[in-house]
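In what follows, a structure is listed as structure tokens, so that the remarks can point back to it.
Hydrogens, waters and symmetry mates play no part in the numbers below; they use all other heavy atoms, side chains included.
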Amino acid sequence: MRRATQHGRWLQSAVALLIIGGLGFWFTAEVNKPLGAEDLKIAVSELRSHAAEGRLIAEQALSARLTATFFQTQTSMLRDKAGAVVKDLNSTAPRAGLEEELSRVKAFAERISADLASLSSSFDDRQEMSRLQEDLDTVFRQALEMEESLKH
């Protein structure tokens, strides 16, 4: 009886170790997987969303519907989110044949990140805020086009 219990524990430990090893291998493979067209499309979609939110926040601030604290908190959060997308794009290699598209998406991400960084410090400068709102609107439309081009 005692021998069977020891054998069962050893078997359970071996199975658990195999499962943990398999999960570790899968996770490592997923993290090191090169960016594909679908990954780039998702990144552009996130950036489009951040640009739309930034544009809306600027619009509300220009209409005097937001406090400075709310404006700065929200725009800082958007800036950080866009910065995270830039960081992700810079840390992963693309699949073969997607180098040019990745370069375009990186430049696009950096533009949105810069716009959102400028927006977060523009609460007292209505002219700059208005310019950034227009630029974010332009970027939003460009993101839609870029998403469409990545589908093919």
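- Residue M77 is found outside any hydrophobic cluster, as its side-chain heavy atoms come under 4.5 Å of no other Ile, Leu, Val, Met, Phe, Trp or Tyr.
- Taking R141 as the reference, D137 meet the salt bridge (Lys or Arg N to Asp or Glu O under 4.0 Å) condition, with sequence neighbours excluded.
- Residues satisfying the side-chain hydrogen bond (donor to acceptor under 3.5 Å, both in side chains) test with S45, not counting sequence neighbours, are R48.
- The side chain to side chain contact (heavy atoms under 4.5 Å, CB included) test applied to S49 returns E53, not counting sequence neighbours.
- The backbone N or O of D88 lies less than 3.5 Å from a partner atom in the side chain of S91, making a donor-acceptor pair.
- Rounded to the nearest 0.5 Å, atoms CD (E148) and NZ (K41) are 8.5 Å apart.
- Using modelled atom types, one side-chain atom of S122 and one backbone atom of L119 make a donor-acceptor pair closer than 3.5 Å.
- With hydrophobic clusters built from ILVMFWY side chains whose heavy atoms lie under 4.5 angstrom apart, L78 does not share a cluster with V86.
- Between T92 and L102, the closest side-chain pair of non-hydrogen atoms is not below 4.5 Å.
- Applying the side-chain hydrogen bond (donor to acceptor under 3.5 Å, both in side chains) test to E128 and every residue at least two apart in sequence or in another chain returns R131.
- Between atom CD of residue E99 and atom CG of residue L35 there is a gap of 11.0 Å, rounded to the nearest 0.5 Å.
- At distances below 3.5 Å, not a single donor-acceptor pair connects side-chain atoms of S130 with backbone N or O atoms of Q127.
- Counting only distance, with no hydrogens or angles, the side chain of S120 and the backbone of A117 share a donor-acceptor pair below 3.5 Å.
- Other residues sharing the hydrophobic cluster of L144, ordered by chain and number and joined by side-chain separations under 4.5 Å: F140.
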Could you tabulate the donor-acceptor pairs under 3.5 Å formed by side-chain atoms of residues 106-115, not counting sequence neighbours?
from: R111; atom 1: NH1; to: Q142; atom 2: OE1; distance (Å): 3.0
from: R111; atom 1: NH2; to: D135; atom 2: OD1; distance (Å): 2.4

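- The side chain to side chain contact (heavy atoms under 4.5 Å, CB included) test applied to Q133 returns R55, A58, E59, L62, not counting sequence neighbours.
- Pairs engaging residues 79-106 under the ring-ring contact (aromatic ring centres under 6.0 Å, His included) rule: none recorded [sequence neighbours left out].
- Atom CG of L40 sits about 9.5 Å away from atom CE of M146, to the nearest 0.5 Å.
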All N/O donor-acceptor pairs, side-chain side in residues 65-72, below 3.5 Å, sequence neighbours left out:
from: R65; atom 1: NH1; to: Q60; atom 2: OE1; distance (Å): 3.4
from: T67; atom 1: OG1; to: F70; atom 2: N; distance (Å): 3.2

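- Residues satisfying the side chain to side chain contact (heavy atoms under 4.5 Å, CB included) test with E46, not counting sequence neighbours, are I42, H50, V85.
- In this structure, L56 and L136 have side chains that are not in contact, with every pair of non-hydrogen atoms separated by 4.5 Å or more.
- For the side chain to side chain contact (heavy atoms under 4.5 Å, CB included) test, no residue two or more places apart in sequence or in another chain qualifies with E145.
- Here M129 contributes atom CE and S121 contributes atom OG; the two are 9.5 Å apart, rounded to the nearest 0.5 Å.
- Here the CD1 atom belonging to I57 is positioned 12.5 Å from the CG atom belonging to L132, to the nearest 0.5 angstrom.
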